[in-house]
2 protein chains.
Amino acid sequence: MNIGEASEASGVSAKMIRYYEEIGLVRPAARTGNNYRIYGEDEVHVLRFVKRARSLGFSLEETETLLKLWQDKSRESAAVRQVATAHIADLERRIAEMQGMVNTLKHLAQCCGGDHRPDCPILDDLAGVSSAAGESSAEPIAP
Amino acid sequence: MNIGEASEASGVSAKMIRYYEEIGLVRPAARTGNNYRIYGEDEVHVLRFVKRARSLGFSLEETETLLKLWQDKSRESAAVRQVATAHIADLERRIAEMQGMVNTLKHLAQCCGGDHRPDCPILDDLAGVSSAAGESSAEPIAP
DNA sequence: ATAGGGCTTCCCATCATGGGAAGGTCAAGG
DNA sequence: CCTTGACCTTCCCATGATGGGAAGCCCTAT
């Protein structure tokens, strides 16, 4: 399999496959006489693993850890779960942060006429005008 | 006010103040004879506006739009609200995406023994082993 | 006079990905 | 046999927002 077919089969772009090789996430592919990379089912399997880990939001560093655990037949599943739960916590922290933004913005947008007049509580909030609307962003709306 | 004081007063790092000037987000500060940037209350106000917009997750590009609307006294509040609602939609899309990851991961982590044995549904999912656990990541858990 | 702290510009790094140029290789069709 | 097009290779650059740090200038206090 050439890199294009491996890309097709794994869902990872050829650009990224080369990059993963360069940073040592996957081991260097064998080469044909014409210096083309060649891939077999095993390599594609690894690439799919990476693809799936990325789609679950794991960083490349975390993905590398998971990949090593996967290939370590004597791993303890606790180690895997630890990586996963840390990642869950991180995702939830970011979700909460963004949800706070959404709450604030929705409140402001609701208070905004959205008409032809220039008065706008959204801008007032951004400008630091402490109207009834704009409280601290991360805080829940409820008083 | 020197840049350090303006940074203190606005909560924007000196590094970022210079960067915002470089990319044209804020207009170039006046300079003293010794080539130091000088800031007044107005400039600090602008920087605080930027800081607040960033803390609500607006990109620098969106922030620039909002900044222009803020300074345009004949703006229509509808334009502001449009920017805000588009941003809300984007945030909510990203939240939903991450929540999907969390749901999948929590399910997998729950099915994982997390003990000394190597068997691990999390790795099975990443490896594409279609166990009872690992369905498509963005899907809700409910059957 | 010297030390320290602030300012300046300039370059580099992050993280993961894509774009594109310049050039080699291969297969099919004229 | 030669061309065309679709691959492949490496190398450089860009993104977005931020930080780190070096080299050098300026001012103030000791």
Side-chain angles (χ1 to χ4, degrees), chain A residues 1-26 28-40 43-44 46-67 87 90-91 94 97-98 101, chain B residues 1-26 28-40 43-44 46-67 87 90-91 94 97-98 101:
Chain A
M1 238 186 304
N2 281 342
I3 198 170
E5 298 164 271
S7 167
E8 186 87 6
S10 64
V12 179
S13 73
K15 261 319 213 212
M16 279 302 102
I17 295 177
R18 293 192 197 99
Y19 176 65
Y20 294 162
E21 177 180 315
E22 184 191 333
I23 64 171
L25 179 64
V26 303
R31 303 288 184 123
T32 61
N34 52 24
N35 202 30
Y36 285 14
R37 289 173 179 83
I38 43 177
Y39 299 87
E43 285 79 13
V44 169
V46 167
L47 289 171
R48 269 198 293 249
F49 183 102
V50 172
K51 173 84 177 174
R52 175 77 176 138
R54 295 287 302 127
S55 82
L56 287 173
F58 288 104
S59 69
L60 288 184
E61 199 173 357
E62 289 164 329
T63 300
E64 189 172 12
T65 303
L66 292 169
L67 207 43
H87 179 48
D90 188 51
L91 283 170
R94 283 152 57 194
E97 190 182 348
M98 295 202 292
M101 296 174 184
Chain B
M1 239 185 303
N2 281 341
I3 199 170
E5 299 165 90
S7 167
E8 186 88 7
S10 64
V12 179
S13 74
K15 259 322 211 210
M16 278 302 103
I17 296 176
R18 293 193 197 98
Y19 176 64
Y20 293 161
E21 177 180 314
E22 185 192 333
I23 64 172
L25 179 65
V26 302
R31 302 289 184 124
T32 62
N34 53 23
N35 202 30
Y36 285 14
R37 290 174 179 82
I38 42 176
Y39 298 88
E43 285 80 11
V44 168
V46 168
L47 289 170
R48 269 197 293 249
F49 183 102
V50 172
K51 172 84 178 174
R52 174 76 176 141
R54 295 287 303 126
S55 82
L56 286 173
F58 287 104
S59 69
L60 288 185
E61 199 173 357
E62 290 165 329
T63 300
E64 188 173 12
T65 302
L66 292 170
L67 207 43
H87 179 49
D90 188 51
L91 284 169
R94 282 152 57 194
E97 191 181 348
M98 294 200 293
M101 296 174 184

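Atom set for the values below is all heavy atoms of this structure, side chains included, hydrogens, waters and symmetry mates excluded. Numbered from 1 within each chain, the chains take letters A, B, ... in sequence-line order.
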Quick one: side-chain contact (heavy atoms from CB on, under 4.5 Å) partners of A:Y19, sequence neighbours excluded?
A:M16, A:E22, A:I23, A:L60
Without decimals, in angstroms, what is the distance between B:N35 CG and C:dT8 C1'?
6 Å
When B:K15 and B:F58 are each assigned the nearest nucleotide of DNA chain D, the 5'-most assignment goes to B:F58
Counting side-chain heavy atoms from C-beta on, which of C:dG6, C:dC26, C:dG24 comes nearest to A:Y36?
C:dG24
Is the side chain of B:H87 donor-acceptor paired with the backbone N or O of B:L56 at a distance under 3.5 Å, no angle test?
yes
Under 4.0 Å between a side-chain N or O of A:N34 and OP1 or OP2 of C:dC26?
yes
Test side chain to side chain contact (heavy atoms under 4.5 Å, CB included), reference B:T63, set B:R52, B:K51, B:R54, output is B:R54
Inter-residue atom distance B:M101.CE - A:F58.CZ, 0.5 Å rounding
10.0 Å
Sorted by chain and number, sequence neighbours left out, side-chain hydrogen bond (donor to acceptor under 3.5 Å, both in side chains) with B:D90 holds for B:R93, B:R94
CG of B:L67 to CG of B:L25, rounded to nearest 0.5 Å, is 6.0 Å
B:E21 side chain reached by B:R37 side chain, heavy atoms, under 4.5 Å
yes
Mind checking which nucleotides bracket the chain A contacts on DNA chain D, 5' to 3', with an atom under 4.0 Å from a heavy atom?
D:dC7 to D:dC11
A quick test of your reading: do over 12 heavy atoms of other residues, nucleotides or ligands sit less than 6.0 Å from CD of B:E5?
yes
Residues of residues 6-14 of chain B with any non-hydrogen atom less than 4.0 angstrom from an atom of DNA chain D: list those, numerically ordered, please.
B:S13
With sequence neighbours excluded, what pairs up with B:R18 under the side-chain hydrogen bond (donor to acceptor under 3.5 Å, both in side chains) test?
none
Residue-phosphate contact under 4.0 Å: A:Y20 side-chain N/O, C:dA16 OP1/OP2:
no
Nearest heavy-atom pair of A:S13 and A:S7: which atoms, and what distance?
CA-OG, 3.6 Å
Any B:R18 side-chain nitrogen or oxygen under 4.0 Å from OP1 or OP2 of C:dC7
no
Do any N or O atoms from the side chain of A:N2 and from the backbone of A:G4 form a donor-acceptor pair under 3.5 angstrom?
no
Rounded to whole angstroms, how far apart are CD1 on A:I23 and P on C:dT17?
9 Å
If an axis is fit to five pairs at each end of the helix from C:dA1-D:dT30 to C:dG30-D:dC1, what is the angle between the two, to the nearest 10°?
40°
What's the CG-C1' distance between A:L60 and C:dT17, to the nearest Å?
10 Å
Rounded to whole Å, the CD-C1' distance (A:E22 to C:dC15) equals 14 Å
